[in-house]
Amino acid sequence: MDYLSAKEIAEKWNISRRRVQILCEEGRIPGAFKLSDVWVVPKDAEKPADRRKAKKKTVNGEADKLVSGD
């Protein structure tokens with residue numbers, strides 16, 4: 001099986017190397033393992049879905065507010 005470094009996978013998936021390292025640490029990339037101090041990932045691994053929560057968008061720097069119909 002062929003492997004790529006976290007840096008190479010980051011470039012392939014268009015995300016940061018640190019994000020790849022976090023995904024590896026969380027066990028979210030099957031077959032990834034740490035070789036000395038470098039994470040290696042199977043070449044054919046698929047990018048996991050992003051489960052992080054999106055921040056709520058704001059208008060003019062103020063948080064969205066609920067407006068009552070009164």
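Under the 4.5 Å side-chain heavy-atom criterion for Ile, Leu, Val, Met, Phe, Trp and Tyr, Val40 and Val20 are members of distinct hydrophobic clusters.
Formation of a donor-acceptor pair under 3.5 Å by the Glu11 side chain with backbone atoms of Glu8 is not found in this model. Arg28 places a side-chain N or O within donor-acceptor distance of the main-chain N or O of Ala49, the cut-off being under 3.5 Å. A donor-acceptor contact shorter than 3.5 Å is absent between the side chain of Lys34 and the backbone of Cys24.
Smallest separation of non-hydrogen atoms from Glu46 and Trp13: C-CZ2, 3.5 Å. Annotation for Tyr3 and Phe33: closest pair CE2-CE2, 3.6 Å, computed over non-hydrogen atoms. Shown here for Val41 and Ala32, the closest heavy-atom pair between the two residues is CG2-CB, 4.1 Å.
Between the CD1 atom in Ile22 and the OG atom in Ser16 there is a gap of 7.0 Å [rounded to 0.5 Å]. Here Trp39 contributes atom CH2 and Ile29 contributes atom CD1; the two are 9.0 Å apart, rounded to the nearest 0.5 Å. Of the inter-residue distances, the one linking Leu23 atom CG with Ile15 atom CD1 reads 5.5 Å to the nearest 0.5 angstrom.
Counting non-hydrogen atoms of neighbouring residues, nucleotides and ligands closer than 6.0 angstrom, the NZ atom of Lys7 reaches no more than 12 such neighbours. The number of heavy atoms from other shown groups lying within 6.0 Å of CZ (Arg19) is above 12.
Not counting sequence neighbours, Asn14 has no partner by the side chain to side chain donor-acceptor pair (under 3.5 Å) test.
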